[in-house]
Enquirer: 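So that we are looking at the same thing, I have put the structure below in structure tokens.
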Amino acid sequence: MKKPALFLALAVLVAVLITMIGRNPPDLDMLRGYLAGLEARMAENPLTVAAIFFAAYVAVTALSLPLAVWMTLAAGALFGFWWGLVLVSFASTTGATLAFLASRYLLSDWVHEKLGNRLQTIDEGMERDGAFYLFTLRLIPAIPFFAINLLMGLTPIRALTFYLVSQAGMLAGTAVYVNAGTQLAQLESLSGILSLPLILSFVLLGIFPWIAKFILGLVKRRRAYVGWDRPSRYDRNLIVIGAGAAGLVSAYIAAAVKAKVTLIESHKMGGDCLNYGCVPSKALIKSAKLAHQMRHADHYGLTATTPEFSFRKVFERIHAVVKAIEPHDSVERYEGLGVEVLQGHAKLIDPWTVEITGADGKVQRLTTRSVILATGAAPFVPPLPGLEEVGHLTSDTLWEEMVTRDAAPKRLVVLGGGPIGCELAQSFARLGSDVIQIEMLPRILIREDEEVSDLVKASMETDGVTVLTGHKATSLGKTGKTKWIEVEADGDTRKIEFDDILVAVGRAARLKGYGLEELGIETGKVIETNEYLETKYPNILAAGDVAGPYQFTHTAAHQAWFASVNALFGKFKRFKADYRVIPWATFTDPEVARVGLNEQEAREKGIPHEVTRYGIDDLDRAIADGTAHGFVKVLTPPGKDRILGVTIAGEHAGDLMAEFVFAMKHGLGLNKILGTIHTYPTLAEANKFAAGEWRKAHVNARALSLLERFHAWRRG
Ligand SMILES: Cc1cc2nc3c(=O)[nH]c(=O)nc-3n(C[C@H](O)[C@H](O)[C@H](O)COP(=O)(O)OP(=O)(O)OC[C@H]3O[C@@H](n4cnc5c(N)ncnc54)[C@H](O)[C@@H]3O)c2cc1C
């Protein structure tokens, strides 16, 4: 039987039983009379009576019938306090667990589909603290037990935890009613059983675990500081170490709320994004794209031409772009905003003291209530034999090195098939290098769906990049003046000669040299923080690449809000970093943008989904622009228009994605996107057409056939 039918059958059965009970509601006299009738059987065969009673109790609680109180009283009267307590405790917990499991089986999927993202916070809270919540609810008599069973079934709490906590939580209340049952002859009404002081004691018992948890948390937080001398006063409210995206935004927010904040940067204001990352790479991509378009100008009715250019000038332009954006992140701007900016290397001395060594060697110490570590990440260089001797480029050194060159590297090896490797490999190929890209994994852009990797790979190969996936670099060396890299694939090894090698195999968080080790701040691949971005010292927080889990400028800025607010106001209210809707883009041609789930993740996580695709090859504006390739792919729960995730491959995919990010963030579905006017002819129409594809796939065929008949009737 299908779930809805089973649910309906059960609901009808329970409704009928409750109506029957309501017509002839139990009272104390009725109970006494009923028990008197059982006396003989009880004397003859107490075990059978106990077994039948147990089964009946389980059924009553499993079906959520309003008889549990009466049966608990009966247990006291029939079996005495201890046996009554044992029977009722196990029967009620078993019945409650059956109701819980039924709710989980019949309703949980449906409720999650309906409410989607909105349940995520509750689910996360339940996974973490479900046992506490359940225990508290069980001890508060005002909350009906059956409601708790059914609601808990909708949460991710484990069944065994539910059983054990329920049994413990219900014990005190059960004991009170079983005990009252032993005095049934004298009992005049039910209302006397639970006096106000008793109810209050239960409530106190219910909130006790929370008080204990709070105190334990407080002790744990305090314990981290044992052995350190807290200053009696502080020079600053906040010190931020690192002036990249995370540090700049943290300092900005602190200054905006009038905190005394110092931002310390040892190198360049703006960090990696401005100086070595997003900005120079996007400037390079633009020049490379123009060169590509010139080569293919015949697609637009112009004469195709081999671009003639000074390689040095391309990189001079890149440096000029960085210069033009520099004022946004400059010392002057931030000082104007009320941030004190110090140039120097910062080091944590204790949880409240930061030592700054200036470029001139001058050392000063500042005390602060809170610190935000926004020290970023640096290119990871794998320990490959021969790599150091041969010499290599990274995103850190590339820009300064290339601006000294008159021509693009003749033969360039790009090690790594992630977003940075792909963006740079394609750009250098378009600027004239023979590029060989080496990736150990079976495909490039491994986090994206396979078709995305294939699409980007095909496009890069058209640009002349040799993409070697499934190839592992094993060593490097020089034969005479010729540099080579040895790669291994399918058991074979071969040497590839090159002039330059760019290492782009990932970026490692900066974790050394500024006091983390000395303070015992835990690190793995990144600084370990809790959901409030606090380290083991709650006044020391981390944000950006150094905190993970993402390595994007926009996630660094997003975390900065949580880190700065928690650093400044965490004593009163803390906010958990929210990673529900995180978009990103890889700026290859075609661009690839993503938010939420893609197909491979949905499959891995076993999340039921439907896929709706719209091919950009059909889009008027893309056809006019000569960019009619790629797709918009939207994942939704089966039959629903709620957006689980979107992948867009195509021209300006990163910009197009903004609409879906907004929709997901605010819980808007595809119907809302379909109902929104999109300017004609724009690439953004692709989003609306993707929503239209979903709509077409979900038209009600029956309603349409009725309409057809209606129109036929109207024609006469
Ligand atoms: C080639 C490339 C392209 C990229 N493209 C994109 C993109 O298109 N979109 C995107 O979102 N992201 C992109 N990124 C990633 C993006 O640059 C990073 O995610 C972002 O810069 C992280 O910011 P952050 O503040 O965490 O760290 P950072 O920008 O690295 O800033 C950390 C700062 O801390 C300073 N510092 C470290 N230790 C100390 C200390 N002890 N004392 C004082 N100062 C210290 C460092 O000098 C640095 O300036 C790209 C990265 C690269 C390399």
Side-chain angles (χ1 to χ4, degrees), residues 239-252 262-286 318 322 329 331 341-349 354-359 371-380 393-399 414 416 418-425 427-428 502-516 526-527 533 542-560 563 582-588 591-594 653-655 657:
I239 287 184
V240 181
I241 304 181
L248 288 168
V249 177
S250 300
Y252 179 103
T262 296
L263 173 66
I264 306 163
E265 172 55 56
S266 60
H267 194 41
K268 292 186 178 177
M269 292 294 284
D272 283 10
C273 181
L274 172 64
N275 299 293
Y276 313 108
C278 336
V279 172
S281 63
K282 269 76 247 180
L284 172 70
I285 286 168
K286 184 70 194 177
I318 293 170
V322 173
D329 298 349
V331 173
V341 183
L342 297 179
Q343 300 259 254
H345 177 82
K347 183 172 181 196
L348 291 167
I349 301 300
V354 177
E355 182 179 88
I356 304 115
T357 310
V371 180
I372 292 179
L373 306 170
T375 46
F380 172 68
L393 297 161
T394 65
S395 56
D396 273 6
T397 56
L398 178 73
W399 317 104
V414 174
I420 295 176
C422 288
E423 287 180 5
L424 296 176
S427 298
F428 274 93
L502 172 66
V503 178
V505 293
R507 296 163 49 69
R510 291 193 185 95
L511 302 171
K512 290 204 163 44
Y514 57 98
L516 301 185
V526 291
I527 294 178
L533 299 173
D545 283 7
V546 78
Y550 298 95
Q551 289 190 331
F552 303 116
T553 296
H554 47 278
T555 47
H558 178 67
Q559 285 180 324
I582 302 284
W584 63 83
T586 301
F587 296 89
T588 43
E591 261 177 45
V592 176
R594 179 122 86 86
D655 296 74
M657 187 56 88

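Side-chain atoms are counted along with the backbone in the values below, which use heavy atoms only and exclude waters and symmetry mates. Whatever order the structure lists them in is the order used to number ligands and atoms, beginning at 1.
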Enquirer: Using non-hydrogen atoms of the residue, decide whether G344 is closer than 4.0 angstrom to ligand 1.
Expert: yes
Enquirer: For the 3.5 Å polar cut-off, considering only N or O atoms, please tell me whether E423 and ligand 1 meet it.
Expert: no
Enquirer: Nearest to atom 30 (O) of ligand 1, what protein heavy atom do you find, and at what distance?
Expert: D272 CG, 3.3 Å
Enquirer: Using only atom types and a distance under 3.5 Å, with no angle test, would you say the side chain of S281 pairs donor to acceptor with the backbone of G277?
Expert: yes
Enquirer: Kindly assign one of parallel, tilted or perpendicular to the pair Y550 and W584, based on the angle between their ring planes and the thresholds 30° and 60°.
Expert: tilted
Enquirer: Would you check if K268 and L274 make a side-chain contact, meaning some heavy-atom pair closer than 4.5 Å?
Expert: no
Enquirer: Show the atoms of ligand 1 that are less than 4.0 angstrom away from any heavy atom in F587.
Expert: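 Listed by number with element, the hits are 8 (O).
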Enquirer: List the closest protein heavy-atom neighbour of atom 14 (N) of ligand 1: residue, atom name, distance to the nearest 0.1 Å.
Expert: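 Result for atom 14 (N) of ligand 1: C278 SG, 3.8 Å.
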Enquirer: Hey, are the side chains of L398 and L424 touching, using non-hydrogen atoms and a 4.5 Å cut-off?
Expert: yes
Enquirer: Mark up the atoms of ligand 1 that fall under 4.0 Å of a heavy atom belonging to K268, in ascending order.
Expert: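 Reading through ligand 1 atom by atom, the close ones are 49 (O).
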Enquirer: Return a yes/no value for Y276: is any of its N or O atoms, backbone included, closer than 3.5 angstrom to an N or O of ligand 1?
Expert: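 No; every N/O pair is 3.5 Å or more apart.
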Enquirer: Quick one: are Y514 and L373 in side-chain contact, heavy atoms under 4.5 Å?
Expert: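 Side chain of Y514 against side chain of L373, heavy atoms only: contact under 4.5 Å found.
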Enquirer: Is there a donor-acceptor pair under 3.5 Å between the side chain of R507 and the backbone N or O of A378?
Expert: no
Enquirer: Heavy-atom distances under 4.0 Å decide this one: backbone, side chain, both or neither, for K347 against ligand 1?
Expert: neither
Enquirer: Between S395 and ligand 1, does any nitrogen or oxygen pair lie at a separation below 3.5 Å?
Expert: no
Enquirer: Can you tell me how far the CG atom of L511 sits from the CG atom of L516, to the nearest 0.5 Å?
Expert: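 Going from CG on L511 over to CG on L516, the span is 6.5 Å.
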Enquirer: Just by distance, do the side chain of Q559 and the backbone of L533 share a donor-acceptor pair under 3.5 Å?
Expert: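 No, Q559 side chain to L533 backbone: no donor-acceptor pair under 3.5 Å.
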Enquirer: By number and element, which atoms of ligand 1 are closer than 4.0 Å to a non-hydrogen atom of S281?
Expert: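 So the atoms of ligand 1 that pass are 3 (C).
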Enquirer: If we set the cut-off at 4.0 Å for heavy atoms, which region of I420 has an atom near ligand 1: side chain, backbone, both, or neither?
Expert: side chain
Enquirer: Can you find an N/O atom of V546 closer than 3.5 Å to an N/O atom of ligand 1?
Expert: no
Enquirer: Give the residue, atom name and distance (to 0.1 Å) of the protein heavy atom nearest atom 44 (N) of ligand 1.
Expert: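 Answer for atom 44 (N) of ligand 1: S266 N, 3.1 Å.
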Enquirer: Between atom NZ of K286 and atom CD1 of I318, what is the distance when rounded to the nearest 0.5 Å?
Expert: 13.5 Å
Enquirer: For atom 40 (C) of ligand 1, which protein heavy atom lies nearest, and how many Å away is it?
Expert: I241 CG2, 3.6 Å
Enquirer: For ligand 1, which atoms have a heavy atom of A374 less than 4.0 angstrom away?
Expert: 32 (C), 33 (C), 34 (O)
Enquirer: Suppose I only count heavy atoms of G376 and a 4.0 Å limit; which atoms of ligand 1 are within that range?
Expert: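 Near G376, meaning under 4.0 Å from one of its heavy atoms, ligand 1 has 26 (O), 27 (O), 28 (P), 30 (O), 32 (C).
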Enquirer: For the atom pair NE2 (H554) and CD1 (I582), what is the distance rounded to the nearest 0.5 Å?
Expert: 7.0 Å
Enquirer: Output the list of atoms in ligand 1 that are nearer than 4.0 Å to some heavy atom of H267, sorted by atom number.
Expert: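 Heavy-atom distances to H267 below 4.0 Å select 47 (O).
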Enquirer: Looking only at atom types and distance, does a side-chain atom of T586 sit under 3.5 Å from a main-chain N or O of T588, one as donor and one as acceptor?
Expert: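 Judged by distance alone, no pair lies under 3.5 Å.
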Enquirer: Using modelled atom types and a 3.5 Å cut-off, is there a donor and acceptor pairing between side-chain atoms of N275 and backbone atoms of M269?
Expert: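 Here the side-chain-to-backbone pair exists.
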Enquirer: For I420 and A504, work out which heavy atoms get closest and say how close.
Expert: CG2-CB, 4.3 Å
Enquirer: Nearest protein heavy atom to atom 5 (N) of ligand 1, by residue and atom, and its distance?
Expert: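 Atom 5 (N) of ligand 1 sits closest to the protein heavy atom K282 NZ, 3.2 Å.
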Enquirer: For atom 33 (C) of ligand 1, what is the nearest protein heavy atom, given as residue, atom name and distance?
Expert: E265 OE1, 3.5 Å
Enquirer: I need the T375 OG1 to I264 CD1 distance, nearest 0.5 Å.
Expert: 12.0 Å
Enquirer: Would you please determine whether R507 falls within less than 4.0 Å of ligand 1 on a heavy-atom basis?
Expert: yes
Enquirer: Using heavy-atom distances only, which candidate in G513, A245, P379 approaches atom 23 (O) of ligand 1 most closely?
Expert: A245
Enquirer: Tell me which protein heavy atom sits closest to atom 41 (N) of ligand 1, plus the residue, atom name and distance to 0.1 Å.
Expert: A346 O, 3.0 Å
Enquirer: Can you tell me how far the CD1 atom of I356 sits from the CD1 atom of I349, to the nearest 0.5 Å?
Expert: 9.5 Å
Enquirer: Can you sort out which atoms of ligand 1 are near I264, meaning under 4.0 Å from one of its heavy atoms?
Expert: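 Result: 43 (C), 44 (N).
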Enquirer: Report yes if some N/O of A556 lies less than 3.5 Å from some N/O of ligand 1; otherwise report no.
Expert: no
Enquirer: Suppose I only count heavy atoms of G544 and a 4.0 Å limit; which atoms of ligand 1 are within that range?
Expert: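 Ligand 1 atoms under the 4.0 Å threshold to G544: 26 (O).
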Enquirer: Report yes if A246 has an N/O atom closer than 3.5 Å to an N/O atom of ligand 1; otherwise report no.
Expert: yes
Enquirer: What distance separates T262 OG1 from I241 CD1, expressed to the nearest 0.5 Å?
Expert: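 It comes to 11.0 Å.
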Enquirer: How far is atom 20 (C) of ligand 1 from its nearest protein heavy atom, and which residue and atom name does that atom have?
Expert: T553 OG1, 3.7 Å
Enquirer: Could an N or O of ligand 1 be found under 3.5 Å from any N or O of Y514, whether backbone or side chain?
Expert: no
